[in-house]
There are 2 protein chains.
Amino acid sequence: MTAPIDFHFDFSSPYGYFASERIDALAARYARQVRWRPHLLGVVFKATGAAPLPSIPLKGAYALRDMVRTAAFLGIPYRHPDPFPVSAVIPARAFYWLEGRDAGRAKALAHALFRAYFVHGSDISRLETVLSLCTGLGMDPVEARAGIEERETRERTRREVEQALAKGVFGSPYIVVDGEPFWGSDRMDQIERWLATGGW
Amino acid sequence: MTAPIDFHFDFSSPYGYFASERIDALAARYARQVRWRPHLLGVVFKATGAAPLPSIPLKGAYALRDMVRTAAFLGIPYRHPDPFPVSAVIPARAFYWLEGRDAGRAKALAHALFRAYFVHGSDISRLETVLSLCTGLGMDPVEARAGIEERETRERTRREVEQALAKGVFGSPYIVVDGEPFWGSDRMDQIERWLATGGW
């Protein structure tokens with residue numbers, strides 16, 4: 001089986017960030033590739049009536065605690081950002097624009113976006129922040145800005161999000177291995193065994 | 001630290017069942033006791049506006065798949081019950097009644113209730129089912145019925161559920177170790193490290 005693993009995530013999701021730090025190495029141990037698919041949980045919430053974690057009674061307060069604790073448990077640098085969550089529309093557009101030109105560099109930008117938000121507290125919902133990260137990766141910010149804002153990029157992003165929603169991607173991370181969906185950064189152990197055994 | 005670990009769960013929760021099969025052995029490795037606290041998610045949902053998993057768009061269908069897969073991953077016998085979920089009021093009353101007389105036997109009844117529902121498909125919301133399990137553990141069913149139905153048992157159960165809700169117990173399993181809450185059967189690895197290190 002050589003189909004890539006689909007890694008759906010929202011750039012504003014701590015659990016998506018945790019998975020982003022582990023998924024490629026995990027897949028590589030089984031000679032598998034990973035397709036990174038930025039998603040927009042705001043669109044999911046509108047479709048399903050769900051809500052961002054911090055706004056949910058009891059669960060919201062717990063989740064904030066769990067995010068910090070889980071990062072420490074996994075040994076992943078984390079500082080809970082404020083504001084949280086933020087819109088991931090511009091980061092998603094930047095990713096899909098860049099992916100069409102250089103998929104490897106798009107993944108590098110995705111890592112930079114996650115770390116900018118969850119380690120350095122930069123507001124990645126702002127175009128200026130995203131452009132500055134593009135510059136850091138050696139891109140021309142004028143070209144990047146044009147690419148992020150062009151109609152084709154916006155439509156590609158909308159299409160990707162709609163396709164993910166149609167596949168049932170309701171959360172972040174949501175990882176699909178040979179048709180089997182795994183939701184949550186706490187399913188990496190199940191994903192590993194699935195890759196090792198081809199299911200059970 | 002010798003305070004017991006609080007293990008909150010709903011008898012109708014698959015993830016509560018998974019935790020119930022592992023929590024005592026885990027605690028014993030660190031010379032810790034576990035207080036089992038049956039909870040009623042229906043009461044939580046009324047208070048918080050949340051809903052049972054199967055009724056949630058997208059997440060519900062995923063969860064049914066995840067429950068079966070997770071049971072197999074953990075090596076725990078599981079047959080998804082129908083109807084699902086059911087009310088856990090009578091099982092919770094039976095537990096709290098019996099706990100007041102024999103805490104060890106109450107835990108044995110809890111195991112029997114979980115397995116009756118999630119392995120044998122018995123409808124544990126029915127008094128007859130619960131009484132039959134009591135009989136299987138050597139109890140007099142007439143006495144058990146009187147105990148489950150008495151006013152004191154109903155009030156004790158209501159008080160326990162209210163106290164749990166006041167502590168913020170919104171899900172199942174919800175396990176509290178020295179004041180630190182862990183939600184979900186997928187937090188057993190974090191609980192283990194917490195017990196080993198006293199936090200991080």
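Ranked by heavy-atom pairs shorter than 4.5 Å toward chain A, the options B:V169, B:I56, B:T70, B:V44 are led by B:T70. Options A:G49, A:P181, A:A51, A:A63 differ in how many heavy-atom pairs under 4.5 Å they form with chain B, and the most are formed by A:P181.
A donor-acceptor pair under 3.5 Å is absent between the side-chain atoms of B:S185 and the main chain of B:A19, judged by distance alone. Between the B:S87 side chain and the B:S125 main chain, no donor and acceptor come within less than 3.5 Å of each other. Checking side-chain atoms of B:T157 against main-chain N and O of B:T153 turns up a donor-acceptor pair under 3.5 Å.
Only the side chain of B:R65 comes within less than 4.5 Å of a heavy atom of chain A; its backbone N, CA, C and O stay farther away. At a 4.5 Å heavy-atom cutoff, the contact between B:W183 and chain A is made by backbone and side-chain atoms alike. Heavy atoms closer than 4.5 Å to chain B are found in both the backbone and the side chain of A:R69.
Ring centroid separation for the pair A:F11 and A:F114 comes in under the 6.0 Å cut-off.
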Could you give me the CA-CA distance, side-chain angles and deciding distance for B:W194 and B:D178, then say whether side chain to side chain donor-acceptor pair (under 3.5 Å) is met?
CA-CA 9 Å; B:W194 198 272; B:D178 303 326; 5.1 Å; no
